[in-house]
Enquirer: 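Take a look at the following structure, please.
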Amino acid sequence: MLESILMIKDPSARITYRRNWGDYYLIRITSPEIAQKALPGQFIMARVSDRSVPLLRRPFSIHSREGDSLEIFFQSSGIGTTLLAGKKEGEDLDILGPLGNGFDIKNGIGKKRATAVGGGRGIAPIYFLAQELLAMGSDVTVFYGGKTARDLPLKERFEAKNLRLMCSTEDGSLGFRGFVTGLFESKMDQLNPEIVFACGPDLMMEEIAGITKKNGIPAQLSLESIMGCGFGACWGCVKKIRMSGAEEWTKICQEGPVFPADRIIWE
Amino acid sequence: MTDLSVDLGFIKLKNPVIAASGTFGYGLEFAPFMDLKKLGGFVVKGLYFSPREGNPPPRIAETPSGMINAIGLQGVGVKNFADEILPELKKYDTSVFINVCGEDEEEYARVVDFLNGLEGIAAYELNISCPNVKKEGKCPAQDPEATYSVVKRVKEISRCPVITKLSPNVTDIVEIAQSAEEAGSDAISLVNTFLAMAIDIETQKTKIANVFGGLSGPAIKPLAVRMVFQAASVVNIPVLGMGGIATGGDAVEFMLAGASAVQVGTANFIDPDATIQIIREIETYCKNQNIDRVEEIIGKVQI
């Protein structure tokens with residue numbers, strides 16, 4: 001609770017690059033201090049309007065880091081993401097970051113044979129993670145799942161990296177037909193991962209927790225939530241987590257968003 | 001150089017800006033990236049006697065120019081606070097207010113009794129107005145007799161000044177404000193959040209698991225200004241105004257309506273240093289208006 005926060009507020013992070021695939025967007029923002037401190041699995045809170053609608057900042061996982069810049073990847077779906085999607089190169093964005101505790105890849109964990117699973121927009125932090133794991137010398141497999149082929153716009157980005165990519169779509173328009181968790185489970189024996197990382201909606205995370213538990217493999221799961229502030233002040237984004245013995249409503253933004261799978265209580 | 005200090009009678013604040021309870025953690029969370037001693041003060045998150053689990057998620061929902069929350073006063077309890085947090089807060093040379101909660105009158109008294117005598121407490125703020133812990137948002141601040149009774153009980157034992165935090169979910173704020181004053185409250189603070197509800201039309205479920213929550217943010221500001229004006233017009237104790245303050249101009253508006261000081265809540269979520277910006281903007285306002293002492297504007301609205 002009393003950990004010091006390394007959060008930085010950058011009211012004028014410059015948007016230097018923007019592209020989209022349908023309603024999926026990638027935005028690159030120059031923010032040297034935040035970019036340099038960022039770790040995979042951490043996120044930023046972006047102010048998408050200087051008016052009071054929408055009032056709150058929006059959380060975005062850090063998708064990648066390139067020197068003094070960081071990238072976010074998101075789907076425009078609501079009022080906040082639609083406004084952000086409308087921002088142009090050259091505009092400034094007010095961001096807070098880096099926030100939260102990311103994936104734990106210290107103490108040799110990052111060298112292990114790793115599998116990372118991203119569902120839908122949950123793929124966002126997996127790219128940054130995969131880059132760091134590759135730099136540490138890990139053997140990396142990435143599972144990327146979505147509803148249709150159009151929901152896997154980052155496929156080529158991952159293919160350009162020195163890793164194994166396995167795709168799934170619910171309608172079978174690309175790769176395995178079905179949920180990404182089904183594809184992941186079917187490949188467990190073949191890949192025999194030593195560590196599993198995942199990000200996506202709660203139902204998917206619960207599935208991954210079940211599959212990895214059954215196989216006795218440690219997993220780190222990045223949870224999604226509505227957030228009020230992103231830095232622990234509002235207590236809005238809780239999940240039941242086993243903390244030093246007791247089960248507590250725990251702030252995803254501050255203690256997470258990444259938690260060891262075996263500490264998350266699925267209600 | 002404008003004099004921003006305000007005198008509440010029982011305490012003098014460096015400036016009229018206080019961070020509101022439930023939006024500022026226990027204060028320490030904000031210490032790494034802002035200078036706490038620049039604040040008039042801050043109110044720590046509501047404390048019950050024992051640690052409290054809080055409500056299940058979803059706990060918050062955004063609404064036009066506002067947000068609804070039903071956190072349910074999750075917190076560490078009074079003993080953990082006194083042992084681990086309060087001693088740390090002394091370092092920051094600012095006024096620390098303790099938001100006191102209770103399931104019943106007895107618990108308010110137990111919390112105050114436990115904290116009595118500890119160093120570093122400027123005053124207690126009695127939270128008799130949280131809409132998120134009882135069914136249908138019920139709280140003592142909705143009834144003049146219940147308000148009188150709990151304030152009286154706490155005043156009998158308290159060794160610190162007592163501020164009573166009032167609910168806007170009432171028909172007549174004036175009678176509640178007067179009850180708090182008659183019971184001996186040293187000040188009143190208002191408003192807590194407005195009981196509210198939002199529904200997701202896709203899932204057809206309520207956006208808050210608790211069904212009801214408290215609405216805060218700029219959306220409630222005109223309602224809050226009106227209630228502060230009404231209360232300040234009838235009581236002779238200081239009024240701490242709050243409800244949707246996001247700028248120095250908003251703070252000035254509450255002071256013109258009769259608030260001796262203001263509390264800033266939801267704005268802290270959007271900008272962790274919102275309070276500091278607001279202090280700066282109040283100072284700029286005073287300079288532009290040739291006001292030497294900010295206290296001069298209290299209750300000076302022209303009608």
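Convention: sequence-line order gives letters A, B, ...; per-chain numbering from 1. Atoms considered below: every heavy atom in the structure, side chains included; atoms not considered: hydrogens, waters and symmetry mates.
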Enquirer: Report, by ascending residue number, the residues of residues 189-202 of chain B in heavy-atom contact with chain A at a distance under 4.5 Å; give 'none' if the set is empty.
Expert: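 Result: none.
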Enquirer: Working to the nearest 0.5 Å, report the span between SG of A:Cys229 and CG of B:Asp271.
Expert: 12.0 Å
Enquirer: Check each atom of B:Thr23 against the heavy atoms of chain A and say whether the ones under 4.5 Å are side chain, backbone, both or neither.
Expert: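 Just the backbone, heavy atoms under 4.5 Å.
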Enquirer: Are the side chains of B:Met34 and A:Lys9 in touch, meaning some heavy atoms are under 4.5 Å apart?
Expert: no
Enquirer: Tell me, for A:Lys239 versus chain B, whether the close heavy atoms (under 4.5 Å) come from the side chain, the backbone, both or neither.
Expert: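 Neither part.
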Enquirer: Taking the side chain as every heavy atom from C-beta outward, state whether B:Lys207 and A:Ile226 have any pair of such atoms under 4.5 Å apart.
Expert: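 Contact flag for B:Lys207/A:Ile226 side chains = no.
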Enquirer: When you look at CD1 of A:Ile265, are more than 12 heavy atoms from neighbouring residues, nucleotides or ligands closer to it than 6.0 Å?
Expert: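 Atom CD1 in A:Ile265 is crowded, with more than 12 foreign heavy atoms closer than 6.0 Å.
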Enquirer: Quick check: closest heavy atoms across B:Asn55 and A:Trp249, and the distance to 0.1 Å?
Expert: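 What the structure gives for the nearest pair is O-NE1, 3.9 Å.
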Enquirer: Would you say A:Cys234 and B:Asn69 make side-chain contact, with heavy atoms under 4.5 Å?
Expert: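 With C-beta onward as the side chain, the pair stays apart.
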Enquirer: Check the surroundings of atom CZ in A:Phe179: do more than 12 heavy atoms from other residues, nucleotides or ligands lie under 6.0 Å from it?
Expert: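 Open.
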Enquirer: For the pair B:Gln74 and A:Lys251, evaluate side chain to side chain contact (heavy atoms under 4.5 Å, CB included) and give the outcome as yes or no after the intermediate values.
Expert: CA-CA 11 Å; B:Gln74 180 172 356; A:Lys251 289 179 269 187; over 6 Å; no
Enquirer: Might you confirm whether atom CZ of A:Arg65 has over 12 heavy atoms from other residues, nucleotides or ligands at distances under 6.0 Å?
Expert: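 Buried by this count: over 12 neighbours within 6.0 Å.
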Enquirer: Answer whether the closest heavy-atom distance between the side chains of A:Met227 and B:Ile60 falls below 4.5 Å.
Expert: no
Enquirer: Looking at A:Ala233, A:Gly80, A:Pro54, which one has more heavy-atom pairs under 4.5 Å with chain B than the rest?
Expert: A:Ala233
Enquirer: So with a 6.0 Å cut-off around CD of B:Gln204, is the heavy-atom count from everything else above 12?
Expert: no
Enquirer: Determine whether A:Leu55 and B:Ser65 make a side-chain contact, defined as any pair of heavy atoms from C-beta on separated by less than 4.5 Å.
Expert: no
Enquirer: If you count every heavy atom of other residues, nucleotides or ligands that lies below 6.0 Å from B:Gln277 atom CD, does the total exceed 12?
Expert: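 Correct, the count exceeds 12.
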Enquirer: Looking at B:Gly72, B:Gly66, B:Gly217, which makes the most heavy-atom pairs under 4.5 Å with chain A?
Expert: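 Result: the option with the highest number of such pairs is B:Gly66.
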Enquirer: Which atom names give the shortest non-hydrogen contact between B:Phe269 and A:Gly228, and what distance separates them?
Expert: CB-O, 3.9 Å
Enquirer: With only heavy atoms counted, which part of A:Ile8 is less than 4.5 Å from chain B, the side chain, the backbone, both or neither?
Expert: neither
Enquirer: Name the region of B:Asp273, side chain, backbone, both or neither, that has any atom closer than 4.5 Å to a heavy atom of chain A.
Expert: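 Just its side chain gets close to chain A.
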Enquirer: Would the distance check show the side chain of B:Glu29 and the main-chain N or O of A:Gly232 forming a donor-acceptor pair, the cut-off being under 3.5 Å?
Expert: no
Enquirer: Answer yes or no: is there a donor N or O on one side and an acceptor on the other, between the side chain of B:Glu62 and the main chain of A:Leu56, under 3.5 Å?
Expert: yes
Enquirer: With a 4.5 angstrom heavy-atom cut-off, could you sort out which part of B:Pro56 is near chain A: side chain, backbone, both or neither?
Expert: both
Enquirer: Looking only at atom types and distance, does a side-chain atom of B:Arg59 sit under 3.5 Å from a main-chain N or O of A:Val238, one as donor and one as acceptor?
Expert: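 Not at all, since once roles are kept as given, no pair shorter than 3.5 Å links the two residues.
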